[in-house]
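This chain uses plain numbering: 1 for the first residue, then up along the sequence.
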Amino acid sequence: MARVCDFLFLGFRELDLRGPCVPSDLVLTGDHAFPLAMNSRGQVLMAASLYGRGRIVVLGHKGYLTTFPALVENALTWLRGDGSDNVSVGVHKHVEKAADNLSKSSFQVAVVGAFSDNRAVGVYVTDAYSVGADVKDLVAFLKAGGGVLIAGQAWSWAANHPKENTLLQFEGNKVCGVAGIYFSDHKGEAECLPVYPHIPSSWMAVVTGKHLEDDLEFLLQGVPEFDLLNGVVASEVLVHGPLAFPIGTTADGRAFLAGAYYGQGRVVVITHEGLLRRETLAPFWNNALHWLDEGRDGVVGVVPDLNEAFNLFSKSKFNCEKTNFREDLSVFVCTAYSEQHVEEIQDFVAEGGGLLIGGHAWYWAQTHQEKNPMTDFSGNKILNKMGLSLLEKIIGEGSYKAPVPSQAIKDTYHFRHLLHRFAGHVTEGEELTVHEEEFLIKLGKDCTNFLHLEAHDCSSYTQVVSTLTDILKKSGMPQVCDICPVKSPRDHLLLSAGTEVYKVCPDRDALLPYLIKHNPLMQVVYNHRIKIDVNTAGREEWISTGLYLSPGMKTYMATPAEIVNRGWKIQIGCQTDRLDAKELKRAPCVHERFPVTSEMMQVWNLWGGLIYLVAPPNTNVEGAEVKVQMAVPAPYYKSGVTTAADWLLLRTAPSPWAELEFDNIILTVPSDVVWSLDRPDELAALWDEMMKGIADLAAIPHTFPRKERFVTRGGSYSWMHAGYPIMTHQSTAAELVNVHHVRSKGLWGPIHELGHNQQRGCWEFPPNTTECTCNLWSVYVHEEVLGIDRAKADSILSPTRRKSQAEEYVRGGRKLSSWDVFVALETYLQLQEQFGWDAFKKVFAAYHEMSDFPKDNEGKMNLYAVTFSQTVGRNLCAFFEAWGWPIETATEGKLSDLPPWSDHPMVQYD
């Protein structure tokens with residue numbers, strides 16, 4: 001696009017638009033339209049676009065065809081297309097003077113009364129008022145590869161046609177609107193503009209090109225609310241196009257129903273296809289189909305798998321047919337789950353058709369976690385160009401009040417409008433309303449979603465990137481940390497936007513100082529080699545490299561051919577949890593992943609981080625080698641590899657993160673906590689003991705199929721959370737690496753999280769036991785490995801407190817709704833104190849041999865009662881019933897031959 005600007009304005013140093021011509025402000029939509037001339041207010045006065053195989057240039061006033069003959073000649077050369085030898089140009093008689101100016105050019109110019117008089121031309125020049133009966137032919141000509149130069153203004157026409165829809169009814173828009181350029185009813189301010197060799201950009205660029213109140217009034221007539229009850233799980237839709245608008249939203253501004261103008265057509269999206277058949281929404285669907293049909297009374301084609309929607313629409317007397325996509329339809333109704341006919345549907349709408357599409361993206365995103373929903377989800381491949389995108393975020397069930405059209409335009413959240421307002425707030429000091437400030441956190445999240453469109457060749461996208469870049473350079477990004485948390489909506493927005501803009505910014509190096517203010521130089525190593533020996537079995541695995549990248553630092557990594565395009569990734573950063581909290585002590589996402597798609601990869605991360613290779617599941621690689629061009633060394637100890645002498649040098653390496661890799665676990669901690677660690681071998685021996693204890697209780701081999709990981713500093717859910725890696729706050733780091741502390745005080749919380757990773761759904765009864773059974777590992781490791789009595793490991797397990805909890809549970813009626821965490825743990829501790837830890841090991845081992853487990857808690861609890869009873873040779877039904885378990889008659893029958901445990905601890909409460 002930049003080259004086009006450079007070519008069209010060849011020979012120009014400035015473009016003086018001052019004079020009698022008052023142009024229209026042009027509105028641009030879609031992926032291919034881009035501005036050529038933009039004034040200081042952000043109004044577009046000249047633009048260009050592509051459609052099909054053709055090209056179009058639009059000038060905001062008819063007079064420009066004669067005022068700038070050199071521009072016209074340059075435009076004709078570009079419009080003719082690359083490699084075309086057709087020099088024939090048709091000029092409509094109403095702009096005959098433009099033909100006179102071309103008399104000495106290399107073009108063969110013919111003045112015609114209409115396009116139909118000379119269809120063999122390569123380029124056609126007309127004003128915006130003389131299209132007439134040629135509309136369909138001109139669109140077909142453009143689509144087939146022709147060039148169109150059209151000039152005019154629509155503000156005077158709009159003044160004379162106040163009840164008409166300028167976007168659709170103004171003659172010129174019937175042609176150029178198909179390519180995403182519209183003459184608007186707004187006057188453009190003419191100035192003397194400097195000419196630059198790039199696409200003009202401004203945060204002030206107009207954000208909406210039409211007053212949409214009349215559309216909302218039509219669509220919402222007789223619609224008081226939207227029924228999203230009874231099991232509907234819809235997605236949120238991001239409304240980001242200048243001619244897109246929300247129709248139905250939650251109270252906090254998240255849209256589930258939206259509409260848009262696209263080309264000469266219209267689109268409505270609902271974020272769950274099941275709502276298309278809902279009787280309570282029939283009045284809205286009646287309005288929407290009429291709005292989409294635009295008075296044609298044409299055929300409404302409904303895809304066959306929307307049979308109930310077809311029946312509902314047919315009741316409203318629409319001419320419905322069950323059919324897949326056809327070009328002769330007036331309105332096409334489909335789901336968002338098919339990739340068939342994507343371009344044909346887009347052209348169908350651009351050329352005047354209506355589209356009603358339903359579907360959600362949240363389930364697809366959950367089942368395609370390595371994909372980008374914004375670009376890879378089928379529905380978005382259709383909708384993105386139309387200014388609408390389905391998100392992975394869920395809209396909860398509810399009944400949502402329909403907006404009041406006159407208030408909705410002013411009060412409803414709109415991504416482009418609020419971004420425009422926020423840019424004015426930062427750059428010009430404009431005051432935001434309280435209502436606007438409340439939406440800033442949402443705007444930050446939507447900026448992230450929008451930037452994931454990765455539409456780098458789209459002017460609309462680059463305009464947003466440019467606006468956000470300007471905002472960040474003006475305001476800087478909050479320097480978030482433990483002592484400087486981010487709390488305000490404004491800072492939330494800047495923090496989210498800064499992270500994402502850095503990824504897509506054309507000049508990251510220039511932006512970096514505005515984002516990271518303190519970024520000291522660190523010692524680096526060059527051409528560091530990492531040997532890969534990995535067998536991942538069924539889960540992906542991080543391979544530590546012992547290297548770190550500082551914020552914004554780039555490096556190249558050479559990878560062997562055997563891991564290229566095999567699902568491997570390079571990861572920068574150890575904190576992979578995504579934060580969503582009102583107070584943040586770090587950015588929401590601080591890691592980056594790069595799929596290994598070539599033997600030489602450049603990688604980076606705004607926030608810096610340790611470098612990992614991520615091996616995919618079921619991968620076996622031995623002896624492969626990766627070379628890192630340049631990186632910062634990290635304190636990295638690996639059992640059996642790092643010697644004592646090596647460690648004395650490595651422990652003071654400059655990386656802020658250190659890693660200690662033992663036989664079954666890897667600890668990632670701030671480097672300062674290992675500076676005084678003299679004997680990592682002793683720490684390794686301790687953790688090896690504890691991990692063997694974890695394995696023993698779980699009845700699994702001592703060598704874990706994948707080493708567990710701890711990463712300290714900033715968990716996303718609570719003080720700690722389980723997973724791979726287990727996340728815990730920084731204050732825990734020193735305890736994890738302190739042998740004396742562990743042996744004397746224990747590590748209840750970290751072992752609790754390791755216990756979470758051993759829980760299995762077949763013997764878990766969520767939510768009751770979610771935070772309960774993991775504590776069995778805490779008790780076991782403290783007593784059997786560390787020699788710390790359970791009452792000292794956690795004071796809540798003192799005999800007095802245990803007894804009071806059981807008594808309180810009994811007094812409360814032994815209701816399972818109160819049987820959770822330490823109350824539930826008491827049940828298991830009573831079993832352990834009677835039958836020993838070996839009983840649990842045998843029970844867990846028995847589950848390893850089972851399959852086809854019950855899905856419900858009641859069934860699983862009965863299976864557990866049978867399994868434990870058979871393991872210890874006692875009938876435990878009375879014990880479990882005393883704890884309120886729903887023991888079935890069939891379970892009692894299975895265990896009737898076993899001697900009952902009649903003196904169990906709960907008998908005292910009978």
Pair Arg490, Glu437 - check salt bridge (Lys or Arg N to Asp or Glu O under 4.0 Å), show working. CA-CA 7 Å; Arg490 182 182 190 273; Glu437 288 183 346; over 6 Å; no
What's the verdict on salt bridge (Lys or Arg N to Asp or Glu O under 4.0 Å) for Arg593 and Glu540, showing C-alpha distance, side-chain angles and the deciding distance? CA-CA 13 Å; Arg593 276 191 169 188; Glu540 76 170 24; 2.7 Å; yes
Determine, step by step, whether Lys442 and Glu236 satisfy the salt bridge (Lys or Arg N to Asp or Glu O under 4.0 Å) criterion, reporting the C-alpha distance in whole Å, the side-chain angles of both residues, the deciding distance to 0.1 Å, and the verdict. CA-CA 12 Å; Lys442 174 171 170 53; Glu236 183 179 350; 2.5 Å; yes
Evaluation steps, salt bridge (Lys or Arg N to Asp or Glu O under 4.0 Å), between Lys381 and Asp376: CA-CA 7 Å; Lys381 291 181 179 180; Asp376 298 331; 5.5 Å; no
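Counting heavy atoms of neighbouring residues, nucleotides and ligands inside a 6.0 Å radius, atom CG of Leu521 does not exceed 12 of them. No more than 12 heavy-atom neighbours from other residues, nucleotides or ligands sit within 6.0 angstrom of NZ on Lys474. Heavy atoms from other residues, nucleotides or ligands lying under 6.0 Å from CD of Glu343 number 12 at most.
Residues Met374 and Leu391 share a closest heavy-atom pair of SD-CD2, 3.6 Å. Between Leu660 and Val737, the closest heavy-atom pair is CD1-CG1, 3.6 Å. Between Leu28 and Ala33, the shortest heavy-atom contact is CB-CB, 4.1 Å. Taking all atoms of both residues into account, the shortest heavy-atom contact from Ala684 to Phe662 is CB-CD2, 3.4 Å.
Between Asn449 atom CG and Phe415 atom CZ the span is 9.0 Å, to the nearest 0.5 Å.
Using modelled atom types, one side-chain atom of Thr271 and one backbone atom of Ser235 make a donor-acceptor pair closer than 3.5 Å. Panel note: side chain Asn527, backbone Val628; no donor-acceptor pair is recorded below 3.5 Å. Between the side chain of Thr619 and the main chain of Pro617, a donor-acceptor pair closer than 3.5 Å is present. A donor-acceptor pair under 3.5 Å is absent between the side-chain atoms of Thr545 and the main chain of Tyr612, judged by distance alone.
Between His240 and Phe450, the distance from one ring center to the other falls under 6.0 angstrom.
The pair Lys707-Asp663 does not meet the salt-bridge criterion, since no charged nitrogen lies less than 4.0 angstrom from a carboxylate oxygen. The pair Arg709-Glu659 counts as a salt bridge, with a side-chain nitrogen and a carboxylate oxygen less than 4.0 angstrom apart. Using a cutoff of 4.0 Å between basic side-chain nitrogens and carboxylate oxygens, Glu436 and Arg421 are scored as salt-bridged. Ion pair Lys531/Glu625 not flagged as a salt bridge, since none of the NZ, NE, NH1 or NH2 atoms sits closer than 4.0 Å to an Asp/Glu carboxylate oxygen. Arg586 has a carboxylate O that lies under 4.0 Å from a charged side-chain N of Asp577, or vice versa, which qualifies the two as a salt bridge. Salt bridge Glu592/Lys503: present, at least one basic N to carboxylate O contact under 4.0 Å.
Geometrically, Lys371 does not engage Phe377 in a cation-pi contact, judged by NZ or CZ lying under 6.0 Å from the ring centre and within 45° of the ring axis. Arg539 forms no cation-pi arrangement with Tyr724, by the criterion of a distance under 6.0 Å to the ring centre and an angle within 45° of the ring axis.
Using a 4.5 Å heavy-atom threshold, the side chains of Trp568 and Thr559 count as separate. Between Pro635 and Ser655 there is a side-chain heavy-atom pair separated by less than 4.5 Å.
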